[in-house]
Amino acid sequence: MKVTFILPGFPRKPVGGFRVVYEYANHLASRGHDVYIVHHWAHSKPATVFHSLGSFTTYIKDVLRIRHAIKKWQPLSRQVRVICVHDITARSVPDGDAVFATAWQTAESVMQLPDKKGKKFYMVMDFGDYFGPQEELKKTWKFPLKKVAISRWIFNNVVVIAGTENLTYIPLGINHAIFHIKNNIDNRPYHLAMMYAPGFYKAAEDGIAAMEICKIRYPDLKAVVFGNTGYSSRNSQWIDYKYRVSNRELVRIYNSSRIFISSSIGEGFAFPSAEAMACGCAVVSTDCGGNRDYAEDGVTALLSPPNNPKALADNVLKLLNDDGLRKRISIAGFERIQEFKWSRSAELLENVLLERTRV
């Protein structure tokens with residue numbers, strides 16, 4: 001099959017939705033399919049656009065720079081073809097068997113492409129007003145595209161608006177070759193870990209506030225916070241901020257921590273929590289929707305309502321006070337997340353593609 005994914009721009013830093021597409025592209029390519037990833041510059045912020053596509057030489061430079069930037073946080077197979085376009089049109093998108101919109105901004109453009117571009121799909125990863133106007137987002141869910149939801153929570157949200165027709169759910173995966181236990185969970189220091197991101201729906205300050213509450217009870221407590229934005233820690237004596245860490249450093253952080261904290265209001269899947277589970281952390285998180293696929297309260301994680309730092313802190317303290325509970329949560333989380341493999345996700349997506357594109 002010839003499969004095209006259309007992305008709304010290009011990120012210089014890790015972004016979950018882009019990682020989903022790059023992982024699927026890698027696995028479909030390894031299964032013998034021709035895979036193209038179209039980066040639509042029109043939806044990029046000015047700072048992320050490298051050059052105009054005024055010449056073939058410039059175009060090649062753009063593609064190479066994209067690959068180089070992606071390589072820093074997400075491997076991309078040489079078998080996957082990278083394309084840069086200013087507009088999503090019949091001329092700019094290759095002919096094929098299947099073409100995917102991967103965000104609400106590109107769904108209408110994909111819907112309007114001619115049939116020779118392939119059967120039309122929509123990987124639904126956006127949710128809530130965090131990613132765009134609610135009415136615009138929900139309108140795209142009603143488009144006659146074959147929709148693939150990345151989590152049960154998003155699936156259920158789409159069902160309310162558009163019903164179950166042309167809708168399926170395929171769970172995402174974790175790269176277990178990268179994210180795995182290296183340090184025994186029994187002998188880890190009293191360290192907390194957390195990702196810091198500026199988006200309001202990440203509610204990172206709630207996570208910091210929860211850690212500060214825990215610090216009062218445990219004066220020797222230390223934390224590592226990592227992220228891709230500037231962060232000036234007011235607690236520099238006990239919170240160590242790591243800027244733009246590599247996957248190797250991220251695995252080291254997870255494996256050096258007892259507990260991983262996530263304070264998001266909403267997430268489509270929540271990769272950091274899943275990665276931390278795979279590395280043996282006990283996860284304490286808000287009930288942010290997409291993490292329900294693997295985070296079961298009291299079994300594989302401890303969950304609390306969003307926008308409530310005290311409730312988040314109370315759950316962290318439960319694990320700090322009861323190391324037996326912390327170990328049980330860690331082990332159960334590790335075992336649960338083993339079910340989420342990219343090879344399985346790619347196989348399920350391939351089956352959907354074959355069924356839909358079969359003549």
Side-chain angles (χ1 to χ4, degrees), residues 3-31 33 35-40 43 66 69-77 80 82 98-107 110 121-128 130-131 137 140 145-155 157-158 167-179 195 197 199 201 228 247 250 264 266-275 278 288-294 337 339-353:
V3 183
T4 302
F5 294 94
I6 297 178
L7 286 169
F10 167 70
R12 288 180 180 271
K13 58 188 179 181
V15 176
F18 284 73
R19 173 164 283 171
V20 170
V21 171
Y22 295 145
E23 286 282 6
Y24 271 132
N26 285 341
H27 283 270
L28 289 174
S30 72
R31 299 172 81 90
H33 303 292
V35 183
Y36 296 77
I37 298 179
V38 175
H39 295 85
H40 184 210
H43 288 293
I66 285 175
I70 293 171
K71 186 179 179 180
K72 294 178 181 178
W73 56 275
Q74 173 62 50
L76 184 61
S77 169
V80 177
V82 174
V99 57
F100 274 89
T102 61
W104 70 272
Q105 298 98 320
T106 59
V110 168
F121 294 81
Y122 181 8
M123 189 161 290
V124 185
M125 298 186 275
D126 300 333
F127 57 90
Y130 317 119
F131 294 95
L137 175 62
T140 66
L145 307 172
K146 176 63 176 179
K147 293 173 282 291
V148 178
I150 65 168
S151 66
R152 282 286 183 193
W153 179 64
I154 289 182
F155 177 93
N157 283 338
V158 176
L167 175 64
T168 191
Y169 155 66
I170 297 178
L172 298 183
I174 293 297
N175 190 333
H176 294 281
I178 296 175
F179 299 102
M195 186 186 81
Y201 67 97
N228 299 298
N247 281 338
L250 186 54
S264 293
E267 293 283 352
F269 181 75
F271 277 116
S273 293
E275 294 164 355
C288 56
N291 64 349
R292 295 174 191 167
D293 279 12
Y294 56 84
I337 208 63
E339 301 171 12
F340 294 81
K341 297 180 172 68
W342 277 116
S343 56
R344 176 174 176 264
S345 301
E347 181 180 4
L348 292 171
L349 184 64
E350 182 185 51
N351 290 340
V352 169
L353 289 169

**Item:** Heavy-atom donor-acceptor pair, Thr168 side chain to Val148 backbone, under 3.5 Å
**Value:** no
### Message
I'd like to know if the side chain of Tyr294 reaches the main chain of Phe269, judged simply by a donor and an acceptor atom lying under 3.5 Å from each other, with no hydrogens or angles considered.
### Response
yes
message = Using side-chain contact (heavy atoms from CB on, under 4.5 Å), reason through Val38 and Thr106 one step at a time and then give a plain yes or no.
response = CA-CA 11 Å; Val38 175; Thr106 59; over 6 Å; no
Do [X] and [Y] have side-chain heavy atoms sitting under 4.5 Å apart?
X      : Y      : value
Leu349 : Met123 : yes
Trp342 : Leu172 : yes
Lys341 : His176 : yes
Phe179 : Asn247 : yes
Leu76  : Ile37  : yes

Where [X] and [Y] come nearest, the two heavy atoms and their spacing:
X      : Y      : answer
Ala270 : Asn291 : CB-CB, 4.2 Å
Ile154 : Asp126 : CD1-O, 4.5 Å
Pro171 : Phe340 : CB-CE2, 4.0 Å
Ala107 : Leu145 : O-CD1, 3.9 Å
Gly173 : Ser345 : N-OG, 3.6 Å
Ile174 : Ala278 : CG2-CB, 4.3 Å

Could you grab the distance from atom [atom1] of [X] to atom [atom2] of [Y], nearest 0.5 Å is fine?
X      : Y      : atom1 : atom2 : answer
Ser151 : Ile170 : OG    : CD1   : 12.5 Å
Phe155 : Asp293 : CZ    : CG    : 11.5 Å
Ile6   : Gln105 : CD1   : CD    : 12.5 Å

Distance-only check: which donor-acceptor pairs under 3.5 Å involve side-chain atoms of residues 20-27, not counting sequence neighbours?
residue, atom, partner, partner atom, Å
Tyr22, OH, His39, NE2, 3.0
Glu23, OE2, Gln74, NE2, 3.3
Asn26, OD1, Ser77, N, 2.7
Asn26, ND2, Tyr22, O, 3.4
Asn26, ND2, Pro75, O, 2.9

With sequence neighbours left out, the residues meeting ring-ring contact (aromatic ring centres under 6.0 Å, His included) with Phe100 are Phe5, Phe121
Decide if atom CZ of Arg344 counts as having more than 12 heavy atoms of other residues, nucleotides or ligands within a radius under 6.0 Å.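 Counting neighbours around CZ of Arg344, 12 or fewer heavy atoms of other residues, nucleotides or ligands fall under 6.0 Å, so no.
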*Can you check side-chain contact (heavy atoms from CB on, under 4.5 Å) on Leu7 and Phe18, steps first, answer last?*
CA-CA 7 Å; Leu7 286 169; Phe18 284 73; 3.6 Å; yes
Those residues at least two apart in sequence (or on a different chain) that pass side chain to side chain donor-acceptor pair (under 3.5 Å) with Arg31 are Glu350
### Test side-chain contact (heavy atoms from CB on, under 4.5 Å) applied to Glu275 and Ile178, Leu250, Asn175, the passing residue
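The side-chain contact (heavy atoms from CB on, under 4.5 Å) with Glu275 is passed solely by Leu250 among Ile178, Leu250, Asn175.
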